[in-house]
Amino acid sequence: MSSVESSISQYLRDPDVQLMLRVRQGDDAAFTQLVSNYQDRLISVLFLLVRDQEAAEDLAQEVFLRIYRHRERYEPKARFVTWIFRIANNLASNARRNKGRRKEVSLSQPRPGSETSGTYSRILADKSSLMPVRMADRQEVRHLVQNALDALNERQRLAVLLHKFEHMSYADIGETMDLSTSAVKSLLSRAREVLRSELEHHLRH
Amino acid sequence: MTNQPPPSDPKLPRDANSPVELHENLVAYLDGELPETEVRDVEQQLAQNPLLRRNVEAYQKAWELLDELPQIRATEQFTTRTVASLKIETNPTAGSRTGAISINTGEVRSQQRVSQRSTGAGTTPPLAIAAWFLGLAVSAAAGYLITNRMVPRSTDRLLEDFPVIEKFDKFKDVGSLEFLKQYRDLKKGESDRVPLP
């Protein structure tokens with residue numbers, strides 16, 4: 001067995017790859033299952049990248065549309081999670097470039113009155129069982145952490161989010177972001193230093 | 001070593017004696033990504049260097065603070081919008097035919113209700129209110145007719161027999177039907193006669 005065949009058979013054990021192969025065969029229920037499995041995960045990471053729920057949902061929707069459009073040409077050459085986040089990363093990068101060309105407000109800055117502020121309010125409202133002082137403290141911490149995340153460059157931010165929330169290994173992050181494992185190691189070590197530096201004041205208390 | 005930060009990078013570890021490699025290895029150690037052979041070296045250095053230990057603790061605490069970031073979920077309209085887009089792509093003329101994506105219809109229906117509420121499409125227009133009242137009036141009329149015409153009432157029989165009841169005393173005095181027939185024939189004979197000038 002060649003190394004390519006061996007790696008493909010390794011990915012075949014991935015249940016989501018199995019679902020995608022069923023999608024390739026025309027099984028729409030399998031696609032629905034994939035949407036269900038990944039919609040929250042994608043939107044959550046994309047939201048932290050672009051800071052706008054509507055933009056995050058638009059990007060996630062485009063990811064699913066692309067997958068569906070190209071389903072007949074799908075080949076299991078990676079874990080499904082790395083493949084789908086790779087598509088998401090490419091789309092987010094394109095969106096950022098397009099925004100930059102149009103000289104519009106940066107995607108990472110929430111628009112006044114956009115969904116972002118509403119989302120924060122909603123999340124805070126969900127915590128209504130907490131005492132007001134405690135809620136204010138939490139809100140402050142959340143803003144600090146969000147600002148620390150914003151201090152990272154885009155590649156560092158994505159690597160951090162994939163590692164933290166998708167529990168991806170360095171190798172998987174490298175595959176998603178088209179980087180070597182050692183480059184990911186370097187990227188994450190610098191990202192960690194930025195985070196520590198940004199949150200240092202809070203960490204001392 | 002690739003992607004080494006420049007020495008002037010303010011984000012470098014403040015321990016000037018810490019080489020970049022050591023810093024990267026510390027982070028990789030925390031992430032469980034360090035090869036077993038290098039783990040022992042890092043642990044040895046941590047045991048000997050309190051500043052390194054503090055750095056590692058700070059990295060770890062900063063990492064844990066990321067848990068405070070909001071975890072956003074897809075809005076309820078997301079699935080509906082995605083499915084609708086796919087339906088248009090797969091079959092622009094007839095979304096419900098074979099080949100179109102479908103999701104649990106109950107879920108979609110509830111999502112559509114939410115969507116309508118959020119867009120204001122669900123607010124009741126005056127025409128709908130008028131239709132509702134018209135329906136109510138038709139139902140009431142139908143109910144009245146059904147109960148009035150189809151269900152017999154105790155008074156119906158009395159009303160039907162009212163002409164008889166009204167003259168019951170006279171009929172009682174007459175006594176028999178035979179007498180009434182004779183009386184009728186007699187009256188008829190009288191009226192058939194040509195009146196005298």
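Note that the coordinates shown come from a computational prediction; the quantities given were computed from them, not determined experimentally. The figures that follow rest on heavy atoms only: side chains count, while hydrogens, waters and symmetry mates do not. In the text below, chain A, chain B and the rest are named by the order of the sequence lines, each starting its count at 1.
Contact check for B/Leu86 versus A/Phe31: side-chain heavy atoms found under the 4.5 Å cut-off. Residues B/Glu68 and A/Leu144 form no side-chain contact, since every pair of their non-hydrogen atoms from C-beta on lies 4.5 Å or further apart. Two residues are said to be in side-chain contact when any heavy atoms from C-beta on lie closer than 4.5 Å; B/Trp63 and A/His163 meet this criterion. Taking 4.5 Å as the limit, some side-chain heavy atom of B/Tyr59 sits within range of a side-chain heavy atom of A/Glu193. No side-chain heavy atom of A/Arg41 sits under 4.5 Å from any side-chain heavy atom of B/Arg73. Using a 4.5 Å heavy-atom threshold, the side chains of B/Val27 and A/Arg190 count as separate. Side-chain contact check for A/Ser182 versus B/Glu24: every heavy-atom pair is 4.5 Å or farther apart.
For A/Arg142 (side chain) and B/Leu69 (main-chain N/O), no donor-acceptor pair under 3.5 Å exists by modelled atom type. Between the A/Glu200 side chain and the B/Ala58 main chain, no donor and acceptor come within less than 3.5 Å of each other.
Residue with the most contacts toward chain A among B/Thr82, B/Asn25, B/Leu30: B/Thr82 (heavy-atom pairs, distance under 4.5 Å). For chain B, the option among A/Ala191, A/Ser169, A/Ser44 with the highest count of heavy-atom pairs below 4.5 Å is A/Ser44.
Heavy atoms of A/Val160 lying under 4.5 Å from chain B belong to its backbone as well as its side chain. Using a 4.5 Å cut-off between heavy atoms, A/Leu195 contacts chain B through both its backbone and its side chain. Heavy atoms closer than 4.5 Å to chain B are found in the side chain of A/Leu149, but not in its backbone.
Taking CD of B/Gln71 as the reference point, atom CZ of A/Phe47 lies at 10.5 Å (rounded to 0.5 Å). Note that CG of B/Leu65 is 12.5 Å distant from CD of A/Glu198, once rounded to the nearest 0.5 Å. In this structure, CG in A/Leu42 is found 14.0 Å from CD1 in B/Ile72, a value given to the nearest 0.5 Å. Distance CD/B/Glu33 to OG1/A/Thr181: 8.0 Å, rounded to 0.5 Å. A distance of 4.0 Å separates CG in B/Asn55 from CZ in A/Arg196, rounded to the nearest 0.5 Å.
Salt bridge absent: A/Lys185 and B/Asp31 never bring a charged side-chain N and a carboxylate O closer than 4.0 Å. Ionic pairing of A/Glu57 and B/Arg81 is present here: one or more N-O contacts between side-chain nitrogen and carboxylate oxygen are shorter than 4.0 angstrom.
Between B/Ala28 and A/Tyr170, the shortest heavy-atom contact is CA-OH, 3.5 Å. Taking both residues in full, the closest heavy atoms of A/Ser189 and B/His23 are given as O-NE2, 3.0 Å, listed atom of the first, atom of the second, then distance. Of all heavy-atom pairs between A/Val145 and B/Leu66, the closest is CG1-CD2, 3.8 Å.
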Worked check of side-chain hydrogen bond (donor to acceptor under 3.5 Å, both in side chains) between B/Thr79 and A/Gln39
CA-CA 8 Å; B/Thr79 315; A/Gln39 61 180 21; 3.2 Å; yes
